[in-house]
Each structure stands twice: as C-alpha cells, then as structure tokens.
Amino acid sequence: MIKIDISNVWGSVEFADLMAIEKEVAAAHTTLADGSGAGKEYLGWMNLPTREVTPEITRIQAAAEKIRANSDVFVVIGIGGSYLGSRAAIELLQGPNRNMGKGKGDPQIFYAGNSLSTRHWNELCRLLDEKDFSIAIISKSGTTTEPAVATRALRWMLERKYGTDGARERIYAITDPVKGALRQMANEEGWQTFSIPPSVGGRYSVLSAVGLLPMAVAGMDIQAVLSGSMDAKESYDLRSYENPVWLYAAIRNLMCRHGKHIELFESFEPGFQMFGKWWQQLFGESEGKDGKGLFPVTAEFTGDLHSLGQMIQQGRRNLFETMLRFDPPEQVCTVGSDVKNLDGLNYLAGKQLDFVEENAFLGTVAAHVDGGVPVITVDCGTLDEKKIGELFYFLELSCGISSYILGVNPFNQPGVELYKRNMFHLLGKPGYENM
Ligand code: PA5
C-alpha cells in the first residue's frame, strides 16, 4: 500500500478538522461504491482492474507483438485522456529519453493529434521519413478535431507507403464500440479495433486498451499493471483513515476550504512530467466545475526548484504540495573524488547520488513547510509496472471521492465539450452552424 505522511500539514489544518470531515469522506466513498452519485453511468473504470488474462488482454498483447516486430516507430494519436495515461506510464518507468536508439523490435513511440501545431507536425513527418511505422488512433468520441486531423494525414501516409492492404495491417483504432466517426471508419476500412467501454470516461480510461496497447508496445508488462490496479482496488476499499485514499481526499478538501486553492503535484523524477500531466487532467477536469475545485499544477524537482521554488517558498500563500517519493533504483551512482577539487565537491566524494537527492528532498520539505506551504508526502515504494497500476487506481479513486466531497460530478466535462463545439462551429463543421 502507498503510505501517506501528513505530518507536514498541521498548522494549516487541525486534527479536529480531519475528524469533522470524516463523515463526508465516508459518505462520498459509499456514494461512489454504491454507484448512486452524479455521473454514476461512468463508473466502468472501477471494473477495469483484473488479475485474469482476458481475451481482450491477449488481443492487445498480440497486436503489440506485431507492432514491435514490424515497426521502427509507433505513433499514438489522441488527446487528453486518450494519450496522457499511456505516455505517463511509459515515461515514468522508462524515462523521458526512452526513444533514444530504439527501432524495430522495440519501437520508438511518438505522439500525434494532441495539438494543432504545424511545427510539431513537420517534425513528426521528418521523424517518420524512411521509417516503418504503425499507428493507434485513440478517441472515445471518435470526433475530436485534433486526432481526426492527424489521423487523416497519417493514414494517407501509410497508404502511400504500404498500399491500402499493407496500411490496414498497421492501423489500430481504439474507440466506442458502436458510435462515432472513428468506429464507422474502422469498420468500413477493416482496421483492427479495441473498444472503450461506454461507461469509461476518457480520463479514467488508462487501464483499458487506451493505455494498455501503447504500454505493451513499449515493452511494459501490462498484466503486472492490471494486477497492481487490482491490488489497489482491493486494499483501498478500506473505510477508515488507515486508507491513504481517505487521507488524501480529506486533506485536499480541507486545504481548499482553508484557502489553499492550488495543489502542486510533484516528484524528484524527471520522468514524472507526463504522469503529472495525467494527474492534472484527471483532477482538473473532474473537479473544476460549478465555480469549485483546486487548481492542479505539476512540477519535477530539483529542476523546478530553480524556477518555481521561489514562488513556492515566498509567493502568495494559497498552495500546498503533494510530493510522490519512489525507492531508489538498484543500480547506484556514486559521486567521484577529484584530486584538484576545484569545484569543491570532494565533501560528497563516495556518497551515492540517492543520498544527495534524499537530502535535497528533506531540505525542500523543511523550507517549504517553514514558508507556510503544507506538504503531503506520498511514499510509493518500488517503481515498477505493478506500482504504476496501483497509482492509477489510487488516484482515480481519490479523485472520485474527493470530487463527491466537493459536491461536483467527477465524470463529466461540460467545459471541454463546449470548447469542442465552439471549434466545430468556427471551423464550419456541418450541423454546428447555429450556436
Ligand atoms: O476526459 C475526457 O473525456 C476528455 O478530456 C477526453 O479525454 C479528451 O477530450 C479526448 O476526447 P476523445 O477521446 O473523445 O477524443
């Protein structure tokens, strides 16, 4: 189980506050588990964890093996919940530079359809030049503009390169089982498809084929991811403050009530950046409605201590931090000794880099707490596939409970839908003339 240390929040919240909110946490958990709350038709994510090797998992693994064998590059087309989760998992586990030196057998993974930038598009075309590649088109609705534009161009690129039949072997669609333009197109063109259950919303879909196919292509053990999420499903059903989900959801809401309206979610791992972005979408879209919610911000230390650190330490006192810690890897790294010692670093000679990092962490927490910034520390233990599955479920459950305490529907995103419709209208999409 993940361990949460809340010893650095006292002063901003009192023990009595924690006791007082306990009933609300219990009620929110029951509402979620009973499926009796707002957005109850979108609770399918709670059934995604499994320890079984289902036919769907076997199909995902077979598709991933084929892609790994025939592609130098795998392009994941999708935006928001349709790509953030897989990218988060892959980069947290394999590092932000995992693509370096990769090719057929263990393909590079690029992402498309998450912006409308011509520069990004030109760069992708250059990167794909002369490469064998496959694509996964991921869209729950099947109609989102950014991935749709990227799909049209990339599938044509594939068809020009491999012919229609050859391209068909390299295109995978992950979408609604019945509805939407992508489903219709996939059926018509004969592409291999995977379904996103209608009861699973975009930002809660990482443990479906949406997240699992790219993770499997990256060489991750997706059964371990799912089994970690199943462990989480079982252990985090506990109905007391011994459950770290309860503590996290309670403290977040208390912070919000006490004027700490910004949550900074951070870690000391550079590979954490996309995981932070996944968390940002999960909590931002789930809670940010009806004039409520904490503003989610993400950072990687120590790098961001040299940019955001000053603001955290001495800026407006409206934020708190949630800091994820992972055990150091087995392979250690030691600071060397230098005869001249011109950089004055010999006082660290022989010390492991983890020792330096641990002290940076302790120093950071002490400084921020001194500066009036409460810090929740989340001790995640070993970073591996199982832990990633556990973290995904832990945070999804925390988000559902936290949102119900806040009094919002965690499973809709009316603001995002409005942006999508406005764009259809402005671009002249038929059917969106009168808005
Ligand atoms: O959580 C959500 O539902 C959204 O943020 C979606 O993930 C995002 O808008 C992409 O939508 P789609 O998968 O329908 O293309």
Side-chain angles (χ1 to χ4, degrees), residues 38-46 48 75-89 111-116 135-155 171-186 191 193-214 274-289 293 296 298 392-393 395-400 402-403 408-424 427 429 432:
K40 55 180 188 264
E41 59 282 21
Y42 291 108
L43 294 178
W45 58 273
M46 298 175 91
L48 295 175
V75 185
V76 178
I77 305 174
I79 195 163
S82 289
Y83 93 104
L84 285 170
S86 60
R87 190 165 179 183
Y111 302 87
N114 56 53
S115 83
L116 292 166
I135 64 175
I137 312 156
I138 310 180
S139 176
K140 169 89 194 289
S141 62
T143 54
T144 308
T145 309
E146 293 92 330
V149 170
T151 296
R152 181 175 279 206
L154 280 168
R155 82 168 265 207
I171 303 178
Y172 301 82
I174 306 179
T175 188
D176 186 275
V178 184
K179 291 191 307 220
L182 179 55
R183 170 56 62 182
Q184 207 185 331
M185 202 167 27
W191 300 335
T193 63
F194 298 92
S195 294
I196 310 174
S199 60
V200 177
R203 60 189 172 279
Y204 292 84
S205 65
V206 62
L207 297 170
S208 72
V210 171
L212 297 176
L213 179 64
M274 294 310 296
F275 195 86
K277 281 196 177 292
W278 172 81
W279 166 89
Q280 199 169 35
Q281 188 208 4
L282 179 68
F283 280 83
E285 277 188 7
S286 299
E287 293 190 331
K289 53 197 70 151
T298 176
F392 279 136
Y393 195 85
L395 289 165
E396 287 173 345
L397 185 63
S398 300
C399 184
S402 185
S403 303
V408 298
N409 177 352
F411 306 114
N412 65 0
Q413 54 286 326
V416 183
E417 305 305 340
L418 192 63
Y419 147 74
K420 288 184 181 179
R421 282 203 304 277
N422 280 348
M423 190 150 81
F424 289 156
L427 291 171
K429 183 170 177 167
Y432 293 82

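In listed order, ligands and their atoms are each counted from 1. In what follows, residues are counted from 1 in the order of the sequence shown.
The contact set between ligand 1 and T144, taken as ligand atoms under 4.0 Å from a residue heavy atom, comprises 11 (O), 12 (P), 14 (O), 15 (O). Residue S141 has at least one heavy-atom neighbour below 4.0 Å for each of these atoms of ligand 1: 12 (P), 14 (O), 15 (O). Those atoms of ligand 1 that come under 4.0 Å of a heavy atom in I79, given as number and element, are 7 (O), 8 (C), 10 (C). Listed by number with element, the atoms of ligand 1 under 4.0 angstrom from any heavy atom of R203 are 1 (O), 2 (C). Set against the non-hydrogen atoms of K140, the atoms of ligand 1 under 4.0 Å away are 12 (P), 13 (O), 14 (O). For ligand 1 and E285, the ligand atoms under 4.0 Å from any heavy atom of the residue are 1 (O), 2 (C), 4 (C), 5 (O).
Under 3.5 Å, the side chains of K140 and S82 contain no donor-acceptor pair of N or O atoms.
Annotation: side chain of E146 is not in contact with side chain of K420 (no heavy-atom distance under 4.5 Å). You'll find the side chain of W45 stays beyond 4.5 Å of the side chain of L207, heavy atoms only.
For atom 7 (O) of ligand 1, the nearest non-hydrogen atom of the protein is G81 N, 2.8 Å. In terms of protein heavy atoms, atom 3 (O) of ligand 1 is closest to G202 N, 3.4 Å.
Between K420 and ligand 1 there is a heavy-atom distance shorter than 4.0 Å.
For ligand 1, the polar-atom distance check finds no N/O of G201 at less than 3.5 Å from any of the ligand's N/O atoms.
At most 12 non-hydrogen atoms from other residues, nucleotides or ligands lie less than 6.0 angstrom from OH of Y42.
Using the six-membered ring where Trp is involved, F392 and W278 have ring planes that are perpendicular, over 60° apart on the 30 and 60° scheme.
Not a single side-chain hydrogen bond (donor to acceptor under 3.5 Å, both in side chains) links S115 to another residue, sequence neighbours left out.
A side chain to side chain donor-acceptor pair (under 3.5 Å) check over residues 201-210, counting only residues at least two apart or in different chains, returns the pairs R203-E285, R203-S286, R203-Q413, Y204-S286.
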